[in-house]
Each structure stands twice: as structure tokens, then as C-alpha cells.
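Here is the naming used below: chain letters follow the sequence lines, and residue numbers restart at 1 for every chain.
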2 protein chains.
Amino acid sequence: MKGVTIGDVAAASGVSPTTVSHVFSGRRPINATTRQHVEEVARRLGYRPNGVAQSLRTRRTNTVMVVVPDITNPFYPDFARGVQDVVGPAGYHCLFCNTDAREAEELALLEVAMSRRLDGLIFNGFRVPDSELLPVTEAGLAVVNLGSVPLPDSTIDSVCFENPPAIAEATRFLVERYGPSIAFIYAEAEARVGKVRRAGFEEACRELGVRLGPDDVVLTEFTRDGGVEGMRRLLDRPDPPRSVQCANDMIAFGAMDVARERGLRIPEDVAIVGFDDVFPATLVSPRLTTVRTDARRFGAEAGRLLLSRMTGEYDGAGRHVVIPHELVVRESA
Amino acid sequence: MKGVTIGDVAAASGVSPTTVSHVFSGRRPINATTRQHVEEVARRLGYRPNGVAQSLRTRRTNTVMVVVPDITNPFYPDFARGVQDVVGPAGYHCLFCNTDAREAEELALLEVAMSRRLDGLIFNGFRVPDSELLPVTEAGLAVVNLGSVPLPDSTIDSVCFENPPAIAEATRFLVERYGPSIAFIYAEAEARVGKVRRAGFEEACRELGVRLGPDDVVLTEFTRDGGVEGMRRLLDRPDPPRSVQCANDMIAFGAMDVARERGLRIPEDVAIVGFDDVFPATLVSPRLTTVRTDARRFGAEAGRLLLSRMTGEYDGAGRHVVIPHELVVRESA
DNA sequence: CTGTTAGCGCTTTCAT
DNA sequence: ATGAAAGCGCTAACAG
């Protein structure tokens, strides 16, 4: 345990704490000789500013938190890199946190963000209602939410993809190419992402006149294992679907695992499409047809919104930005 | 900006700040009626403990930082999950930070960890010498380092794989199966990982009597793009190697991209092996032969060491734990 | 260019 | 079972 405080440095160099403080912060002119001397003494004593005390005084931390549901899904690390790309150069540190899509974790991290007086929060919540973010803005943090419905009357910015149209486009493609025997594997039925992607799929089917049976929409997890499980259920049916739309790429990878394990050819026997265009999509064979949502750009956009609030450049009502998506047709469908 | 402090709550409920504090911390018995009343008032006022002030007093944050070079390489998210798996249930929050393998970032994050008085640090540094971790322990943090050489006379624990033997085993496999025409693609020549993996490769070659030419060891980045670049250099030679050992899976994926793009069959024309056994290794086709190092378990082990120090259960000299590895032969070699 | 003073919001002896 | 008072280490008025 170091015990060297600004006072120790001040005493040892014969100046006031204020001067030492200013030597470090550069917030007011200091005589060059004094400065050198103080710096020298500080180094010798091994002085290290106490950021906690600084924050208590200044109410700033130069730190932002990025909360994601599953750091293990390559979409989120890419997203995180996107925000770091923009807030890092502006002098903010990025802390990434993983909730495992558990409500308790989500809530706990909101508390941490407020309690530690972070400057900003980029939140991708699955379980917690958006309204939980209100206290966070009230606590003085800049916040940007990932999600399609901006919270009215708030100063919370949001970023999203047009989920329903994006899924719908893929679904249309699948039906046109492989006919009406189609199924959907998704996850998080209670969460916005889940709902909204399912809605996109069902809406497209309705428009195309495709009748969905009760087994055509299967609920699982947003992981490769989830995809395995979902696909098994589909392929165990007496009338397995000709094509399957997955709510994200991880699910699609699992689905492909099962198809392969059963000796089915993709797309000749089953066509599969994913969502996200995560990097392994071009690794898997056949390469995955999916909807590109450009995680990194998504993150960068979120970072820009956050930054503009933290710097005070903007402080009006919540803004909403929609990131474009694109169906990228490869070989799996 | 909320302004509700413990004092406000105290005033509004007619008790002392001390009592309010104890109501929240539970660190001393409080009359049930008083407690209820205080809690009620606190809720009504929207009181939220200020974690920064708490930390300034208590010198604890219940927070640990995990620093990794590239959050975009699936190895690290898995590793991070491993540490979260063990320290999370013990009541610590995990902050993941990405350095991009840049020295300035590594240093900056060490400063943040010390300055914010975090309780623990798990550090995977590429550029910064291990000795930079000494001040961190002196600042009172528990620290575990990822790397094969424990820092003597320190209280820094370390976790590692036996890199040279692991690479050597793979190399031996390659040479026995495909002969002496072998090359190595790696990265971070100046960093420990880089050095140590290269050493493993060269050592194995020496033992096997394989003569390495100057172009047989190529230096690039630890990414898929790095693999692309490295493999191109290899395949542009008049005498391309029969097999290539890659220093991690991301490089191997890039190498496979190039082989495929040039119409080479894997492993019939070039055999490729990776290192890490990251999840896409079983997605790519042919599936990647690689050295499994079990990132999640690795992280969990690091977490356990850290935890035992943070709880005070252990506080002796630096421990060193070696995680087993295993060559998993799939189809790419 | 430098110093004095007063807290930031909380926890913790030490009393009662 | 409860309070009063003293800081944790730092910065920001306000003086010179």
C-alpha cells in the first residue's frame, strides 16, 4: 500500500498542495523551476495521483462503460472496438462489461456506472426495460441505448438497425428462392431483439402468403449451441423445412453443424441464412449468407453520439440513428 | 445531476448520517423501525450511494480489470468469460479493456487500475515489460500476469501455457506427416508470446534436423489479415512450403483464405495448423488442426489466483500455474 | 505565479 | 441502538 499523497509531495518540495496539484493538472501556469523540482520530488517519492479522490472532487472519471449481453459473440467485441475507436482518441477509457443477458447483471452494472460516476454508458440490455436508463441520465451520465424505440422525453440517444425490414428482406429472398417451406430460429422472446426479429420474419411470411405452422418458429439461445438445439428440433420433424432463417449468425453456425452432422447439403437440402455478418461467416463452409449490420460501424456511431454529449457539444433531446444493413448473399442460401 | 447525499437522507428522516450509512452497509444493528423509515425516505428521495466517495474512504472498489491485447480475437472474450465466471459470483465486477497491443494503452490502463484503486488486475501485456506491474502490486492491487516467466521476488501470480513444447508438438506432427518443407507464421517478435512461440518452432525443427531458410519464418500480425499477408509471402516463393504452422488460429484462418483463393487443397497441397483452438476452428473447412489451450479455463484459473489474493486467503510469494495444452488433430493437417 | 481554506460524500472511531 | 467529529486525497474559489 502506497501512502504518498499530494500533501507529502508538497511538504517534501516546500510548496503548497495546490501547486503540486497544478503541476500535474497543468490547469494554471507554474514557474518552470518549481515545476521541475516538484516533478522530481514526486518521482522520487513514487507519488501517484489518486483518481478516486480526483473524481470525488471533479465529478469526472474520463471513463465510459460499454455493456453487452455476450462478449463471446464476435458481434460485440467488434462493436466494442468501434466505440473504442472513437472515444479512445478523445481521452476516454473504455470498460467493457458482460451481462450474460441476465437481468441482475444488467441492473448491477447500471448501478456501478452511476455509483462510480462514469462519464458515459453505452447499453445493450436484453432484460431490463429501457426506463431503467432514466436514473442513469439523471445521475449525470451520457447514455446511448441500443434499440429501435427511442425513449420519449429523455436525453438518451439510441442506435439501431431496422431489424424487421432487415430480417424481412432475407426471408423474402429465402422464400423466393426455396419456396414456402421455411422456419425461423431465434432467442430471447421477451427481449426487444427477439421480438423484433421474430416480427420481421412473420411479417414477411404474411406478405408472401406463407402459412406458418406452430413448429416453424423455434425459440432457443443466441449461441451456436442454441442453433444446434433449434435445428435438431426442426430436422426431427417429419417434414423438415427447406430453408431456415436464423436470428443471428451464432445460431446459424449451430444450425450448419447439425445439417452437416446429418449429411444434409447446404443449400441443396436446407438453405440457411444468418444475421450480423460476424467474421466467421466467411470462414464456415459453405460461406454464410447473412445480413450485414457492421458491428464496428455501429459501435463507432454509438461512440460518436456518446462523445458529443460528454463533451457538451450536444445536450438536447434523445437522438436516434439508424445504421444501414445489407443482405449479403454467399453460398449457404 | 442528482444531488441526494447521505446527509439529505439523514436530515429528511431525522437521524444522523452515521445511521443512514449503517442502514445501507448493514455493518451494525439498527432498530427495525428506524431502518424501514430510512429506507423509505431514501427511496423517496432517490438516494444513491456515491461509490467514489465510498471507495475514497474504504479503499475498496469490488472491481477487477482484465486487460487483453485484442478483444476481437475470440480467445480473449473466452478468457474474459472464464475470469468473470469465478470472480463474478464472489461479488466483483469485471471490466474488460483492450490495448490493441499498443504500449501506450497498456501503460495507460495500468495507471487507470492503480489510480481508480481497483482491487485486482489480470494483465495480458504485449509491449510493456513485466516489471511495470510491480508498482501495481505496491499500489495494493492483487495482480496476475499472463506469461511464462514469473517475476521473481514479487507477489505477482502468473498463468501460462507451456508455449514452446506446445508449438513443438504441433511442429513435430507436421514434419512427421508432411516432411521437412515447413514454415512458420507469427507476430509480435518483440513480445514474449511471439518470441516463445517462435522458439518452440525453431527448437522442434532443430531437433528434427529440419534446416530453416531465412524465408521460412515470417513475421506479421496476430490477425486473419496478418495470416493472409504472411501466407501470400510464403506462397509467392518459387518453393512454397508443404506445411505451415501458425502462431495462432486467427493467422491460420487468414492462411486458409489464401490457400483457398489460390485453389490449393488443404491439407493435400498445404497443411495448416493453428494455435488456441478458438471456436471458429470447427467452423472453417477443412476444420482446423490446432493446439487447444482452453481460454475459458485459463481465465478461470487466473480468476481463482486473483480472488484468493483479494480475499486475503493467500498473500505469499507469486505463484505460477501452468495450464495443460493438447494437440487436436482435425482436417487441416 | 503561489497559498489558504473549504469542502466533494462517505465511513469510522469514539462516545453516549 | 445512535451521534459527533475527523478525515480519505484531491481541487477550486478566493486571496494575494
Side-chain angles (χ1 to χ4, degrees), chain A residues 1-39 41-42 45-63 111-112 114-119 139-140, chain B residues 1-39 41-42 45-63 111-112 114-119 139-140:
Chain A
M1 245 0 140
K2 274 283 180 41
V4 189
T5 77
I6 213 171
D8 300 334
V9 177
S13 43
V15 299
S16 74
T18 309
T19 298
V20 178
S21 171
H22 284 101
V23 164
F24 280 87
S25 71
R27 296 183 55 61
R28 90 182 181 191
I30 299 280
N31 177 299
T33 327
T34 315
R35 138 165 287 128
Q36 266 194 330
H37 180 224
V38 170
E39 278 169 348
V41 170
L45 262 43
Y47 168 69
R48 237 168 250 295
N50 181 328
V52 176
Q54 289 176 318
S55 294
L56 182 58
R57 244 343 287 240
T58 62
R59 306 165 158 290
R60 311 202 70 251
T61 51
N62 297 310
T63 301
E111 276 298 331
V112 171
M114 288 187 278
S115 151
R116 300 245 87 84
R117 295 299 191 263
L118 302 189
D119 296 331
Chain B
M1 248 349 146
K2 273 283 180 39
V4 188
T5 78
I6 213 170
D8 299 335
V9 177
S13 44
V15 299
S16 73
T18 311
T19 298
V20 179
S21 171
H22 287 302
V23 165
F24 281 87
S25 71
R27 295 182 56 60
R28 90 182 181 189
I30 298 280
N31 177 298
T33 327
T34 315
R35 138 165 287 127
Q36 266 193 330
H37 180 225
V38 170
E39 278 168 348
V41 170
L45 262 43
Y47 168 70
R48 237 168 251 296
N50 181 329
V52 176
Q54 288 177 318
S55 294
L56 181 58
R57 253 330 298 237
T58 63
R59 305 164 159 289
R60 310 203 70 250
T61 51
N62 297 309
T63 300
E111 277 297 332
V112 171
M114 289 186 278
S115 152
R116 300 244 86 84
R117 295 300 192 261
L118 302 189
D119 296 331

Can you find a side chain N or O atom of B:Thr19 that sits less than 4.0 Å from OP1 or OP2 on D:dT2?
-> no

Assign A:Phe24 to base, sugar-phosphate, or nothing according to its heavy-atom contacts below 4.0 angstrom with the strands shown.
-> nothing

Between atom CZ in A:Arg117 and atom P in C:dC8, what is the gap in whole Å?
-> 13 Å

Under the 3.5 angstrom rule, does the side chain of B:Ser115 hit a backbone N or O of A:Gly51 as a donor-acceptor pair?
-> yes

Heavy-atom nearest nucleotide on DNA chain D taken for A:Gly7 and for B:Val15; more 5' hit belongs to B:Val15

Protein-nucleotide distance (A:Asn50, atom CG; D:dC10, atom P), rounded to Å = 6 Å

Length of the CZ-C1' vector between B:Arg27 and C:dC10, whole Å | 13 Å

In whole angstrom, what separates B:Arg60's CZ from C:dT12's P?
-> 11 Å

Between NE2 of B:His22 and C1' of C:dT11 the distance, given in whole Å, is 7 Å

For D:dG9, does OP1 or OP2 lie under 4.0 Å from any side-chain N or O of A:Gln54?
-> no

Do A:Asn50 and A:Thr5 come close enough that some side-chain heavy atom pair is under 4.5 Å?
-> no

Are the side chain of B:Thr58 and the backbone N or O of B:Gln54 linked by a donor-acceptor pair below 3.5 Å?
-> yes

Classify the side chain of B:Thr34 versus the base of D:dT2 as yes if they form a donor-acceptor pair under 3.5 Å and no if they do not.
-> no

Taken to the nearest whole Å, CD1/B:Ile6 to C1'/D:dG7 is 15 Å

Look at A:Thr58 and D:dT11 and indicate whether a side-chain polar atom (N or O) is within less than 4.0 Å of OP1 or OP2.
-> no

Which residue, B:Pro17 or A:Gly51, contacts DNA chain D at a nucleotide closer to its 5' end, judged by nearest heavy atom?
-> B:Pro17

Base, sugar-phosphate, or nothing for B:Arg28, non-hydrogen atoms under 4.0 angstrom?
-> base

Distance, rounded to the nearest Å, where A:Arg57 contributes CZ and C:dC10 contributes P = 15 Å

State whether the side chain of A:Thr61 and the backbone N or O of A:Arg117 hold a donor-acceptor pair below 3.5 Å, judged by distance alone.
-> yes

No-H, no-angle donor-acceptor pair, A:Thr18 side chain to D:dA12 base, under 3.5 Å | yes

Rounding to 0.5 Å, atoms CZ (B:Arg116) and OG (B:Ser55) come to a distance of 9.5 Å

Under 4.0 angstrom between A:Ser16 side-chain N/O and C:dG3 OP1 or OP2 | yes

B:Arg59 has its side chain closest, among D:dC10, D:dA1, D:dC8, to D:dC8

How long is the line joining CG of B:Leu56 and C1' of C:dT11, in whole Å?
-> 10 Å

Just checking B:Val52: base, sugar-phosphate only, or nothing, at a heavy-atom cut-off of under 4.0 Å?
-> nothing

